[in-house]
Amino acid sequence: MRPFRVYDSMTRQVRRFAPIAPPRVGLYVCGLTPYAPAHIGHGRTFVVFDVVVRALRRWGYRVFYVQNVTNLDDKLIARAAAEEDDPLELAQRHFAGYLRSMDRLGVRSVNYYPFATDYVPEILAQVRELIDRKVAYVARDGSVYFEVAKFPRFGALSGQNVSALQPGARVEVDERKRSPEDFVIWKAATPGEPSWESPWGPGRPGWHIEDTAMTGRLLGARYDLHGAGLDLIFPHHEAEIAISESATGEVPMVNYWMHSGFVTMTGEKMSKSIGNVASLEESIDEYGAGVLRFYYLNAHYRSPVDFEPGKSLAEAREAYRRLAGPSDRIADLVERDGPERSGDPLPPELAAAADELVDRLDATLAEDFNTREAIALLFGWTRRVGEAGVALDHLNGEGLEAIAAPYDWGREVLGLFERAPATRSGAWATVVPLLLEARARARTRGDYAEADRIRDQLTAAGVRLEDRADGTRWEFADTG
RNA sequence: GCCGAGGUGGCAGAAUGGUUAAUGCGACGGACUGCAGAUCCGUUUCCUGGGGGUUCGAUUCCCUCCCUCGGCUCCA
């Protein structure tokens, strides 16, 4: 196992990571409430933790990655009511869309996506435990609240001092609570909404306790790493800590807290409730998964990132195209000639440099997952490959493999440099080469009007041509 | 008000108590091309919010102020 360091939000410092039971690592990331399509802010968080898991697995840790699905809550119910749909089915549908986006993005590291509604027994057991321990109370309508005053450490993660909070700053004061900062762990049922029987009457789980019930069951009372977007620190993660540590007596609930930064939309937080969201699915459609991942990983995961429609991803596309150039060409050559192709060997100093670079890439990521620095190193490699004047076309299979090593690392850990499977598939794969042949003949006989007509038509159809010494390459303009 | 995250070139965005502050985009020049695009090479001295302090030396550490964003019970 390679040692690494990670910024822990609780202690606010970069700490050496030590798992509870190496090589196993328990990771829990707060997933989403699938009441609407995912936006690119969600994409950032889940790509970030995907890279964390990819890296850890490469380094020899055995990660069990759980990401929950809040498939029942107020917003889901409200949205379902507006659309005259069943909330659980609505959640199921949006979750399927989310999974599709994640798959396209190359996020396949999650081991298990538990649904909140599948953990009602665990939730009820925790509610019971908290009542027994007198840190939760039953309100007159049958709702159960956690009494924050009984948990003095509340606020430690966010630095909030509970007494300094402004009750009702944004949400109306609820008179069922003993104190405004108390939060609901079991909600009394409203007629017409999904509900479960409980000793306190029919109801449904509160948001915060879903996570602790799941982690208690799946990862234990204490586990290694908890991740999520920065916006969940308060109150959600504070509440998780309060519930879990009160119910189990095990402290701390989690050893390391990782929070990824926001994506703002031209300066303002991107949020479903504000409505200033850029669709994840549409962004992938327009720019390709590689460009999205590059965009996310091109900044440190804790830095805020500002998204400007039409600009941010366009710039990322230009940069990523350059970065991936040699990787694409190598893949083309291997695809055409096979891995055993004959040719010149790679100069030994370049082969050694490739190995050395892979070490540096691992070391860079092991320092709080500095993906931007890793990308800078990869750019250095792309430049070096160009500078050395290495004619990739003339290298033998072994040489190509050696020179590709840093890009292979990028594919394994960052999820970049995946070739879009659509690029050479389907009818296009037959038709485009035919047109290219016709264009080549036209060029040979000097009929440039015809050659340009073909190129223009293909461009209009979304196919980008690249005339090279060894022929004309083509790709879809919108795939990364 | 309280808490948190930020402020680095035209733009995006890293890093470090110390030679010319990475890398990319853009721009400019060149190579290649029938042309264009793409690609490749080169150039891009003047950039660390303001003010103090510590230090031989601060972008980095400390204090203070200003600004932006977020949280203060919906949020990735």
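To find a chain, count down the sequence lines: A is the first, B the second, and so on, and within it residues start at 1.
- Comparing B/G71 with B/G24, their C1' atoms are spaced 33 Å from each other, to the whole Å.
- Of all the residues in residues 364-372 of chain A, A/N370, A/R372 reach under 4.0 Å from RNA chain B with at least one non-hydrogen atom.
- In this structure, A/L378 reaches neither bases nor backbone, as no heavy-atom distance under 4.0 Å exists between it and the strands shown.
- Spacing between B/G9 and B/U48 at atom C1', rounded to whole Å, works out to 10 Å.
- Contacts of A/S312 with the nucleic acid, taken as non-hydrogen atoms under 4.0 Å apart, are absent.
- A close approach under 4.0 Å does not occur between any side-chain nitrogen or oxygen of A/R317 and OP1 or OP2 of B/G24.
- At the heavy-atom level, A/E268 lies under 4.0 Å from the strands shown only through sugar-phosphate atoms.
- Taking the six-membered ring where tryptophan is involved, the planes of A/F146 and A/F183 are essentially parallel, since the angle between them stays under 30° and well short of 60°.
- Taking atom P on both B/C61 and B/G70, the two are 26 Å apart, rounded to the nearest angstrom.
- Note on A/D467: a base of the nucleic acid sits closer than 4.0 angstrom, heavy atoms only.
- Checked for salt-bridge contact, A/R153 and A/E245 meet the test: a charged N lies under 4.0 Å from a carboxylate O.
- Remark: A/T459 is not in phosphate contact with B/G37, judged by side-chain N or O atoms under 4.0 Å from OP1 or OP2.
- Between A/R322 and B/C40 there is a side-chain N or O to OP1 or OP2 distance below 4.0 Å.
- Comparing B/G50 with B/C74, their P atoms are spaced 39 Å from each other, to the whole Å.
- Under the 30°/60° scheme for interplanar angles, the aromatic rings of A/F294 and A/Y320 are found to be tilted.
- Evaluation of the side chain to side chain donor-acceptor pair (under 3.5 Å) rule for A/K187 yields A/D74 as partners, not counting sequence neighbours.
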Pair A/F115-A/F95, ring-ring contact (aromatic ring centres under 6.0 Å, His included): steps then yes or no: CA-CA 10 Å; A/F115 279 53; A/F95 179 63; 5.1 Å; yes

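- Take A/E367 and apply the salt bridge (charged side-chain N to carboxylate O under 4.0 Å, His left out) test, not counting sequence neighbours, and it matches A/R5.
- Contacts of A/E315 with the nucleic acid, taken as non-hydrogen atoms under 4.0 Å apart, include base atoms.
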RNA chain B base-pair string [pairs: Watson-Crick or G-U under 3.5 Å; |: paired with another strand]: (((((((..(((.....[....)))((((((.......))))))....(((((..]....))))))))))))....

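- A search for ring pair (Phe, Tyr, Trp, His ring centres under 6.0 Å) contacts involving A/F46 returns A/Y98, not counting sequence neighbours.
- Ranked by how close their nearest RNA chain B nucleotide is to the 5' end, A/E466 and A/V305 are led by A/V305.
- A heavy atom lying under 4.0 Å from RNA chain B marks the following residues of residues 39-51 of chain A, by number: A/H39, A/G41, A/H42, A/T45.
- Using C1' as the reference atom, B/A58 and B/C63 are 14 Å apart when rounded to the nearest Å.
- Remark: ring of A/F262 not stacked against base of B/G70; the cut-offs of centroid gap under 5.5 Å and plane tilt under 30° are not jointly satisfied.
- Put simply, A/R443 has no side-chain N or O that comes within less than 4.0 Å of OP1 or OP2 on B/U33.
- Across all strands shown, A/G31 has heavy atoms under 4.0 Å from sugar-phosphate atoms exclusively, and none from any base.
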